[in-house]
Amino acid sequence: MIVYLLCFILFLTGLYGVITRRNLIKIAISLSIMEFSSFLFLALIGYVDGGVVPIVDMADPVKTYVDPLPQALVLTAIVIGLATTAMLMAVIIRIYRKYGTFDIREINKLRG
Amino acid sequence: MNPLIPFFVAVPLAGAFLTMILGRFIPHLNKSLATIILLFLTFISFWSLFTTGETVSVYKVGGWEAVNSVPIGIYLVLDGFSALLLCVISCIGLMSVVYSISYMARYSSENYFYALFCLMVAGMNGVVLSGDIFNIFVFLEISTISSYALVAFGVEKNELEATLKYQVLGAIASFLILFAIGFIYWKAKTLNIADIRTAFSEGHDARYYLLVQILLLSGFGLKAAMIPFHAWLPDAHSSAPSPISAMLSGVLIKAIGIYVIIRLFFNMFEITEGMAIVITTLGTLSMVVGVFLAIGQWDIKRLLAYHSISQMGYVVMSVGIGMLLIARGLRSEVAALAISGGIFHLLNHAAFKGLLFLNAGAIEYSIGTRDLREMGGLAKSMPVTSATSFAASLAISGIPPFNGFFSKLIIIVAAVMGHFYFLAAMAAIVSIITLASFMKFQRYAFYNKEQGELKSDIKEVPVPMLASMIILAVICLLLSVLAIPGVRETILSPATDILMDQMKYSSHITGM
């Protein structure tokens, strides 16, 4: 149970960073932390205590295997996360060129 | 069995790659390819709509058949509800592409624009067709990442700030959805929507179920910009180029937000009264708060964006009324009426909000400003824009004979028949405030000043832009036909039935 709690704490750490940090790069890093906490959670779901790599061995068929599906999901999600992070960094670099700062308090032309 | 299902995703995806590879060698390939693709999608989506009817067709990607009637592959599912959404996506998409031919000529790197546009359409089609929850997430990310890029297409200060806000909130929504998928897989050991339904119906922990529902509702609520989660929408939708605003407001928030919420809460979860109350409240709040936020806006596109929140509130509220009635187990014909009213309003909103954003783009194209206080007297110099935007304004404010009147009428009648008098009154009042807000838009943009106060060289926009605006205005009128009982049965009832009949969706797919 403790690992799930740690995973949740990692998520909250990221969320805290997104909310409180003023620097755009730090916000991007915090988003990555949140992202990796959800990947970690997916990987933990598939973990079986004492399980081995899920390749069926005919000679010894009674082994317990870990669940391979969440690992496939995590791989897909990591690729998507890479695209999101790259897109976010590209936008942050553009913002730096336009505004000359990473400070989020300076970037307030629009009001929601 | 519909043989065309994979084409909905494959064709725009291939189009995006071809545009990027060949577009720089062959001039005008990007525009023509995108138009041809969207035209093709429009044809096959309407063909699918008329042939689907009550059936549910399943396409198993890679040919992976179910093992012991447990689905293991990736399923694409086409039923009455998704066929309707496919029609909306390809229709509004086609109009936006035709409009972009002239509008985007002012921007550089048009290749990227059309490639991203095709990618966004592919993602939305994928979300609508996908039969398992993880692929909904994948396709949703495809369409949102391309929409992040499209919102920032102007790369000026406003665009970049809007897209940053949109990306941070969109990323948080994605993580919530990913967590919910993890929780679902943990207990149900499957990702197929129909199979999750059967797995959960065999017994579940009520609190666990509630956690998953709340995670999914907040994730997709953020994507759909329901009212507590709406902060990104007015910025993102008003900063994007106008054809993209039409796509975002007209289609994207429906296909990846409202559609998924409706699909999951009707076909994947069992309807509970608590969740129904939450959804109805969210819808009512969006409807009321959205319109009050809209009324003080002077930027045309921000005004329209806030009205999107409010009109989506109508859809969610009436679907919520349907859920409440189903959960209480009474008057299922009223529930069906409410749900079909909601779906009807969703179609109508796509038509008139798409048209209004195209009008706003035409005004911006001609006079170079979006501020209502700086325009006026455009009715003389831009007659077609004026006439079409008048039609769309009447439609969104619910004036007959335009489509908005009939869908709002159905929603209000259903609310009254279900004894939700307060909600019916709110719907009527919000409609009146919407009318006031659009009278302001009409007066300041088209009629206010005497002729000659503005520069006299204002010209009407080029023909492709005019054509798409006129076609959308005609669609606004034609959609009223869906209110006639005979037509409603053939178009809207299949969609309503698949949502009303609790086990039909899952039994069709798992074959049990």
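For clarity, every value in this text was computed on a predicted model and none was experimentally measured. Labels below follow one simple rule: chain letters A, B, ... track the order of the sequence lines, proteins then strands, and each chain is numbered from 1. No hydrogens, no waters, no symmetry mates; every other heavy atom, side chains included, goes into these values.
- In this structure, chain B has no heavy atom under 4.5 Å from any part of Phe36(A).
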> Taking it one step at a time, do Ser37(A) and Phe179(B) satisfy side chain to side chain contact (heavy atoms under 4.5 Å, CB included)?
Replying inline: CA-CA 9 Å; Ser37(A) 78; Phe179(B) 261 104; 3.9 Å; yes

> Where do Leu164(B) and Ile92(A) land on the side chain to side chain contact (heavy atoms under 4.5 Å, CB included) test, with the steps shown first?
Replying inline: CA-CA 8 Å; Leu164(B) 180 81; Ile92(A) 288 174; 4.1 Å; yes

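- Contact annotation for Phe134(B): only side-chain heavy atoms (C-beta onward) come within less than 4.5 Å of a heavy atom of chain A.
- No more than 12 heavy atoms of other residues, nucleotides or ligands lie within 6.0 Å of OH in Tyr112(B), so this atom counts as exposed by the packing criterion.
- Among residues 79-88 of chain A, the residues having any heavy atom closer than 4.5 Å to a heavy atom of chain B are, in sequence order, Ile80(A), Ala83(A), Thr84(A), Met87(A), Leu88(A).
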> Stepwise, does the side chain to side chain contact (heavy atoms under 4.5 Å, CB included) test hold for Leu73(A) with Leu191(B)?
Replying inline: CA-CA 11 Å; Leu73(A) 302 188; Leu191(B) 291 166; 3.8 Å; yes

Show which side-chain atoms of residues 18-30 of chain A pair as donor or acceptor with protein atoms under 3.5 Å away, not counting sequence neighbours.
from     : atom 1 : to       : atom 2 : distance (Å)
Thr20(A) : OG1    : Tyr16(A) : O      : 2.8
Asn23(A) : OD1    : Ile25(A) : N      : 2.9
Ser30(A) : OG     : Lys26(A) : O      : 2.8

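- Ranked by heavy-atom pairs under 4.5 Å with chain A, the list Leu176(B), Val168(B), Ile142(B) is led by Val168(B).
- Atoms CD and CD, on Glu161(B) and Glu106(A) in that order, are 11.5 Å from each other to the nearest 0.5 Å.
- Rounding to the nearest 0.5 Å places CD1 of Ile177(B) at 11.0 Å from OG of Ser38(A).
- Among the candidates Phe183(B), Tyr148(B), Phe137(B), the residue making the largest number of heavy-atom pairs closer than 4.5 Å to chain A is Phe183(B).
- Atom OH of Tyr65(A) sits in a crowded spot, with more than 12 heavy atoms from other residues, nucleotides or ligands closer than 6.0 Å.
- Closest approach of Lys189(B) to Asp67(A), counting heavy atoms only: NZ-OD2, 4.2 Å.
- Using a 4.5 Å cut-off between heavy atoms, Ala305(B) does not touch chain A at all.
- Residue Arg97(A) holds its CZ atom at 10.5 Å from CG of Leu160(B), rounded to the nearest 0.5 Å.
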Please tabulate, for the side chains in residues 213-229 of chain B, all donor-acceptor contacts under 3.5 angstrom to protein atoms that are two or more places apart in sequence or on a different chain.
from      : atom 1 : to        : atom 2 : distance (Å)
Ser218(B) : OG     : Ile214(B) : O      : 2.6
Ser218(B) : OG     : Leu215(B) : O      : 3.3
Lys223(B) : NZ     : Gly170(B) : O      : 3.2
Lys223(B) : NZ     : Ser174(B) : OG     : 3.3

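- Using a 4.5 Å cut-off between heavy atoms, Leu233(B) does not touch chain A at all.
- Between Lys98(A) and Lys157(B), the closest heavy-atom pair is O-CE, 3.6 Å.
- The 12-atom threshold is not exceeded at CZ of Phe292(B), counting heavy atoms of other residues, nucleotides or ligands nearer than 6.0 Å.
- No more than 12 heavy atoms of other residues, nucleotides or ligands shown are found within 6.0 angstrom of CH2 on Trp64(B).
- Under a cut-off of 6.0 angstrom, the local environment of OH in Tyr96(A) is sparse, with at most 12 non-hydrogen atoms contributed by other residues, nucleotides or ligands.
- Put simply, of Ala90(A), Ala77(A), Pro70(A), the one with the most heavy-atom pairs under 4.5 Å next to chain B is Pro70(A).
- Across Ile104(A), Leu15(A), Leu69(A), the residue that shares the most heavy-atom pairs under 4.5 angstrom with chain B is Leu69(A).
- Residues of residues 39-52 of chain A that come within less than 4.5 angstrom of chain B, heavy atom to heavy atom, are Phe39(A), Phe41(A), Leu42(A), Ile45(A) in numerical order.
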